[in-house]
Amino acid sequence: MFNLSHHIQQIQSSPTLALNETARQLHASGAAVINLGIGEPLNPCPEAAIRMARAKLESGQVKYSPVSGDSTFKEAVQKYTVDLYGRTPKLENITVTVGAKQALFNLFQVLLDPGDEVLIFTPYWVSYPEMIKLARGVPVKVATNEAFIPDMESILEAITGKTKAILLNSPNNPSAAIYPPELVAALVDLCESRKIYLIMDDIYNQLVFEPGEWVPGYVFTSHPINKSHLVVVNGISKTYGMTGFRIGWAIGATPVIRAMNKIQSHSTSGVSILLQEAALGALTGGAETVRELQTLIRTNRDILVRELRKIKGLRIQEPAGTFYCFPDLQEISGDSEKLANLLLEKAYVATVPGSAFGADGFLRLSYAGSTEEIIEGAARIRWALDPDSPPDIVIAGETHRRTWEIDRL
Ligand code: PMP
Ligand code: GLU
């Protein structure tokens with residue numbers, strides 16, 4: 001009856017956002033849910049962001065923004081890029097978008113012709129394949145090794161005459177790996193020499209546990225931004241805990257950015273000037289918030305990894321960055337959806353099954369919430385999955401007994 005396009009019927013909704021909705025509803029219905037599913041810091045956003053947004057709102061001057069972004073905010077992005085990347089983009093090399101998500105979405109729209117291929121590394125963030133398909137492109141999944149790092153040989157094998165771009169996310173969602181500088185250097189060289197776009201999704205670039213481990217792609221190119229095939233995507237959602245403000249940006253060669261602006265001019269128009277003002281507050285006065293988040297996630301990571309390692313059959317690699325960990329539960333069950341459902345229904349802990357990221361047998365746990373929640377969440381997961389742990393647990397004042405055999409899953 002409803003004749004939707006063939007195209008949209010090929011696209012899946014975002015499983016991470018759907019899961020967040022389920023966890024939210026469960027929570028609203030009174031269940032003591034701990035949400036380790038969504039990748040969202042729970043700390044309050046920088047005070048400077050609120051102050052500046054409030055002043056803007058009170059001025060009553062909340063009008064259309066220039067399509068590519070407000071110039072004062074773009075200057076702040078420029079400074080951020082100089083400070084963190086050692087590169088100075090011109091303002092025309094920057095476009096401000098509705099989150100990093102829209103930057104990536106617009107980018108695929110302007111780069112891809114039907115059938116063009118984009119290399120993504122497994123495990124990959126849930127939205128990459130769907131965004132590429134929405135632009136009528138083809139996601140080509142390249143496997144990684146045990147440490148979730150791709151090797152050059154597999155990358156070269158996956159490249160065809162139709163390869164238009166390689167998408168790299170480091171620190172990585174969901175694996176929490178950071179790609180070694182030698183690999184990034186080799187990819188930058190490869191892409192510059194073959195005129196393949198190298199899209200670097202750097203949204204977790206400040207959430208790194210060992211300083212210096214993450215090295216930006218710009219370090220390895222001698223090409224000026226306007227001659228380079230490197231496009232860097234970033235945003236304030238993760239670093240400043242400002243997911244709901246929906247501000248991101250892309251930096252690339254002027255023709256690429258202009259083409260993205262064309263899409264923006266006919267779709268969302270310039271991003272809300274009010275929210276850009278808040279983002280300006282974050283970039284100019286939010287350093288303390290970033291430091292606090294860095295401290296919190298280090299504590300949370302250490303606790304969570306230590307506790308998960310006690311679970312029989314679970315293997316976990318130490319996260320190098322982000323606020324995720326990606327334990328391997330294949331010895332417990334190859335069906336990560338079943339495990340995630342079990343954890344949600346019995347232990348009231350939301351996690352994301354690895355299958356959503358192209359890696360069944362794994363679970364993604366996000367630890368950007370409070371340390372109390374992480375301790376409680378880890379205890380419940382251990383109770384639900386480890387047959388050697390005590391059979392009873394108290395959740396929100398009620399005793400629950402483990403009545404299932406995990407190997408029967
Ligand atoms: N890239 C990655 C790898 C992500 O995990 C996210 C999470 N939302 C995004 C991009 C998009 O972020 P946002 O649109 O909130 O800026
Ligand atoms: N990127 C976050 C995650 O992976 C937020 C949800 C989303 O946008 O997919 O959980």
Side-chain angles (χ1 to χ4, degrees), residues 11-24 35-42 45 49 69 77 80 95-108 118 120-132 134 139 148 167-179 199-208 214 231-251 264 268 271-272 275-276 278-279 282-283 297 319 321-326 340 350-359 362-369:
I11 307 294
Q12 311 287 327
S13 294
S14 164
T16 39
L17 293 186
L19 179 113
N20 197 40
E21 210 33 57
T22 309
R24 208 199 303 262
N35 192 352
L36 306 185
I38 189 79
E40 176 166 68
L42 294 182
C45 71
V77 170
Y80 179 94
T95 185
V96 181
T97 52
V98 182
K101 223 173 211 177
Q102 196 203 8
L104 290 161
F105 179 89
N106 286 356
L107 200 46
F108 293 128
V118 181
I120 57 174
F121 303 117
T122 307
Y124 44 78
W125 178 45
V126 295
S127 288
Y128 292 156
E130 305 312 290
M131 284 179 176
I132 294 164
L134 277 166
F148 307 112
L167 175 51
L168 197 146
N169 172 223
S170 170
N172 184 269
N173 176 7
S175 74
I178 294 182
Y179 294 168
I199 304 169
M200 307 195 78
D201 179 348
D202 283 359
I203 190 142
Y204 299 98
N205 68 355
Q206 293 200 57
L207 306 179
V208 173
W214 173 78
V231 185
V232 174
V233 171
N234 224 317
I236 59 167
S237 284
K238 313 294 174 179
T239 326
Y240 296 95
M242 291 175 70
T243 47
F245 286 77
R246 313 304 307 126
I247 302 283
W249 60 86
I251 298 177
Q264 193 99 321
T268 53
V271 177
S272 160
L275 301 179
Q276 287 186 73
L283 290 199
I297 61 176
T322 72
F323 40 65
Y324 305 113
C325 62
F326 202 54
T351 58
V352 188
S355 51
F357 310 96
F362 291 77
L363 282 181
R364 191 194 74 178
L365 278 57
S366 170
Y367 47 87

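Starting from 1, each residue takes its place in the sequence as its number. Ligands are counted one by one from 1 in listed order, and the atoms in each one are counted from 1 as well.
- Of all the atoms in ligand 2, the ones that sit under 4.0 Å from a non-hydrogen atom of Ser14 are 9 (O).
- Among protein heavy atoms, the minimum distance from atom 8 (O) of ligand 2 is reached at Lys101 NZ, 2.9 Å.
- An N or O contact shorter than 3.5 Å links Ala100 to ligand 1 by distance.
- Counting all heavy atoms, side chain and backbone alike, Thr322 lies closest to Tyr367 at O-OH, 3.9 Å.
- Among the atoms of Tyr204, some N or O lies under 3.5 angstrom from an N or O of ligand 1.
- In this structure, atom 7 (C) of ligand 1 lies nearest to the protein heavy atom Lys238 NZ, 2.9 Å.
- For Gln102, no heavy-atom contact with ligand 1 is shorter than 4.0 Å.
- Looking only at heavy atoms of the protein, atom 7 (C) of ligand 2 is closest to Thr16 OG1, 3.5 Å.
- Using a 4.5 Å heavy-atom threshold, the side chains of Leu104 and Leu167 count as touching.
- When only interatomic distances are considered, the shortest N/O to N/O separation between Arg364 and ligand 2 falls below 3.5 Å.
- Counting only heavy atoms from C-beta outward, the side chains of Val118 and Tyr128 never approach each other to under 4.5 Å.
- Remark: minimum distance from atom 5 (C) of ligand 2 to any protein heavy atom is reached at Lys238 NZ, 3.6 Å.
- Near Arg246, with a cut-off below 4.0 Å to any heavy atom, the atoms of ligand 1 are 13 (P), 14 (O), 15 (O).
- Looking only at protein heavy atoms, the nearest one to atom 3 (C) of ligand 1 is Asp201 OD2, 3.3 Å.
- Looking at every heavy atom in both residues, Gly37 comes nearest to Arg364 through O-NH2, 2.7 Å.
- Test Trp125, Phe148, Tyr124 against Phe326 for ring pair (Phe, Tyr, Trp, His ring centres under 6.0 Å) and you get one pass: Phe148.
- Looking only at distances, no side-chain donor or acceptor of Ser170 sits under 3.5 Å from a matching main-chain atom of Asn172.
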**Request:** With side chain to side chain donor-acceptor pair (under 3.5 Å) as the test, would you mind laying out the steps for Glu40 and Thr243 before giving the verdict?
**Result:** CA-CA 7 Å; Glu40 176 166 68; Thr243 47; 2.5 Å; yes
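- Put simply, the side chain of Leu19 does not reach to within 4.5 Å of the side chain of Ile38, judged on heavy atoms.
- Between Val126 and Ala356, the shortest heavy-atom contact is CG1-O, 3.2 Å.
- Here the closest heavy-atom approach between residue Thr268 and residue Gln102 is recorded as OG1-NE2, 3.2 Å.
- In terms of polar-atom proximity, Gly39 is counted as a contact of ligand 2, with an N or O under 3.5 Å from an N or O of the ligand.
- Taking a cut-off of under 4.0 Å to the non-hydrogen atoms of Asn173, the atoms of ligand 1 that pass are 3 (C), 4 (C), 5 (O).
- If you number the atoms of ligand 1 from 1 as listed, the ones under 4.0 Å from a heavy atom of Gly99 come out as 14 (O), 16 (O).
- Against a heavy-atom cut-off of under 4.0 Å, Tyr128 is close to the following atoms of ligand 1: 3 (C).
- With ligand atoms numbered from 1 in the order given, ligand 2 contributes 2 (C), 3 (C), 4 (O) to contacts under 4.0 Å with heavy atoms of Tyr324.
- Annotation: side chain of Phe357 is not in contact with side chain of Phe362 (no heavy-atom distance under 4.5 Å).
- Residue nearest to atom 6 (C) of ligand 2, selected from Ile38, Thr243, Val352: Ile38 (by heavy-atom distance).
- Gly39 and Lys238 get closest at one heavy-atom pair: O-NZ, 2.8 Å.
- Contacts between Ser237 and ligand 1, counted as non-hydrogen atom pairs separated by less than 4.0 Å, involve the side chain only.
- Polar contact with ligand 1: absent for Thr243 (N/O pair, distance under 3.5 Å).
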**Ile247/Met242 under side-chain contact (heavy atoms from CB on, under 4.5 Å): CA gap, chis, key distance, verdict** = CA-CA 8 Å; Ile247 302 283; Met242 291 175 70; over 6 Å; no
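- Under a 3.5 Å cut-off, the side chain of Glu130 and the backbone N or O of Gln12 do form a donor-acceptor pair.
- The closest approach between Gly235 and ligand 1 stays at or above 4.0 Å for every heavy atom of the residue.
- The shortest contact between atom 9 (C) of ligand 1 and any protein heavy atom is with Trp125 CH2, 3.4 Å.
- With a 4.0 Å heavy-atom cut-off, ligand 2 is reached by no atom of Glu40.
- Proximity to Asn169 (heavy-atom distance under 4.0 Å) selects the following atoms of ligand 1: 3 (C).
- Looking at atom 12 (O) of ligand 1, its nearest protein heavy atom turns out to be Ile203 CD1, 3.5 Å.
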